[in-house]
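Just below is one structure, and these are the notes that go with it.
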Amino acid sequence: MPHQKVYFVTGANRGLGLAFVTQLSADSSNIVYGTARDLASADALKKLAASHPNFTPLEADVVKPETIKSAADVVAKEHGYVDVLIANAGIAETFTPIKDISLDELSRHWEVNAKGAVITYQAIRPLVVKSQEKKIIFISSAAGSVTGFFYLPNAGYGSSKAALNYIIRSISGESKDEGVKVLALHPGLVATDMGKRGIAAVDISSMNITVFTPEESAKAMIEQIEKFDETDKFLNLDGTTALW
Ligand SMILES: NC(=O)c1ccc[n+]([C@@H]2O[C@H](COP(=O)([O-])OP(=O)(O)OC[C@H]3O[C@@H](n4cnc5c(N)ncnc54)[C@H](OP(=O)(O)O)[C@@H]3O)[C@@H](O)[C@H]2O)c1
């Protein structure tokens, strides 16, 4: 029997996550799991599962380790491995400069975008190690770049993605001996709920930035995910190098 590639995507009920699981499930040889914080209201995922038997929605909140662990247990029982983890869940709730940001706002972004990625990794890692592909993908952002820094008033989000980038590089380092390949991706500016909120908050008219649909961005990122073969990389959706 040919190898069945198993994907696990967090934050799959809308935006880029939904585009990922929709496109990955379109290939019936893939096995796809996608998480939502509230499965009862995740209508798009229920619809996808009804038409695609290779897709399974699971409930998980990346800041609640026990929920990700329960989702991992389901996959462990059904398949025993995850070829490709796509740690996609994230928030950008506010666009505030550091001088004004509340500590709660700061903590919340760090909690979901940085700590949530660690919680996800710790729970799914044992399944990735057991797989053929052994790929871990983090959806990061150019907004978290330190070496390619450009000013935006997004203290909570930007700093959380900078922390995520450190975490990603650290995971690359600790995983090399096991053959696990780690990739950070910048999806571009994408017209999801998050992206639209950003566009409304920050004047991008002088920046000459393309705005992608979630479908366009996910398609391009899936191409990068399929073809990358070297760990510890940070790429744009067209495969060019992004700056850490
Ligand atoms: N859109 C852009 O322009 C852009 C640019 C650069 C990077 N990114 C990154 O791309 C990723 C996806 O963003 P998006 O644009 O698709 O955003 P989005 O439309 O706002 O969707 C975010 C997803 O993350 C989930 N999520 C939020 N907090 C969570 C938690 N604690 N546990 C589990 N899931 C949680 C949301 O679930 P709920 O529905 O339950 O809230 C939702 O499914 C993020 O990591 C983001 O930082 C986006």
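Atoms within a ligand are numbered from 1 in the order they appear, just like the ligands themselves. As a basis for the values below, the full set of heavy atoms in this structure was taken, side chains included, without hydrogen atoms, waters or symmetry mates.
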*Please identify each residue that fulfils ring-ring contact (aromatic ring centres under 6.0 Å, His included) with Trp110, with sequence neighbours left out.*
none
*Decide, yes or no, whether a salt bridge links Arg108 with Glu93 under the criterion of side-chain N to carboxylate O below 4.0 Å.*
yes
*Test log, rule side chain to side chain contact (heavy atoms under 4.5 Å, CB included), inputs Lys64 and Ile68*: CA-CA 7 Å; Lys64 295 181 182 155; Ile68 288 278; over 6 Å; no
Under a 3.5 Å threshold, I'd like every N/O contact between ligand 1 and protein atoms, with atom names and distance.
unit_1	atom_1	unit_2	atom_2	d
ligand 1	1 (N)	Val190	O	3.2
ligand 1	1 (N)	Thr192	OG1	3.0
ligand 1	3 (O)	Val190	N	2.8
ligand 1	3 (O)	Val190	O	3.4
ligand 1	15 (O)	Thr192	OG1	2.5
ligand 1	16 (O)	Leu16	N	2.8
ligand 1	20 (O)	Arg14	NH1	3.1
ligand 1	24 (O)	Gly90	N	3.4
ligand 1	31 (N)	Asp61	OD1	2.8
ligand 1	32 (N)	Asp61	OD1	3.3
ligand 1	32 (N)	Val62	N	2.9
ligand 1	37 (O)	Asn13	OD1	3.4
ligand 1	39 (O)	Asn13	ND2	2.7
ligand 1	39 (O)	Arg14	NE	2.7
ligand 1	39 (O)	Arg14	NH2	3.4
ligand 1	40 (O)	Arg37	NE	2.8
ligand 1	40 (O)	Arg37	NH2	3.3
ligand 1	41 (O)	Arg14	NH2	2.8
ligand 1	41 (O)	Arg37	NH2	2.5
ligand 1	43 (O)	Gly11	O	3.1
ligand 1	43 (O)	Asn13	OD1	2.7
ligand 1	45 (O)	Asn88	O	2.8
ligand 1	45 (O)	Lys161	NZ	3.0
ligand 1	47 (O)	Tyr157	OH	2.6
ligand 1	47 (O)	Lys161	NZ	3.0

_Apart from Leu243 itself, residues in the same hydrophobic cluster as defined by side-chain heavy atoms under 4.5 Å_ = none
_Verdict with supporting geometry, Arg169 and Glu174, salt bridge (charged side-chain N to carboxylate O under 4.0 Å, His left out)_ = CA-CA 9 Å; Arg169 299 209 73 183; Glu174 73 191 26; over 6 Å; no
Check: residues 12-19 side-chain donor-acceptor pairs under 3.5 Å, at least two apart:
unit_1	atom_1	unit_2	atom_2	d
Arg14	NH1	Asp193	OD2	2.8

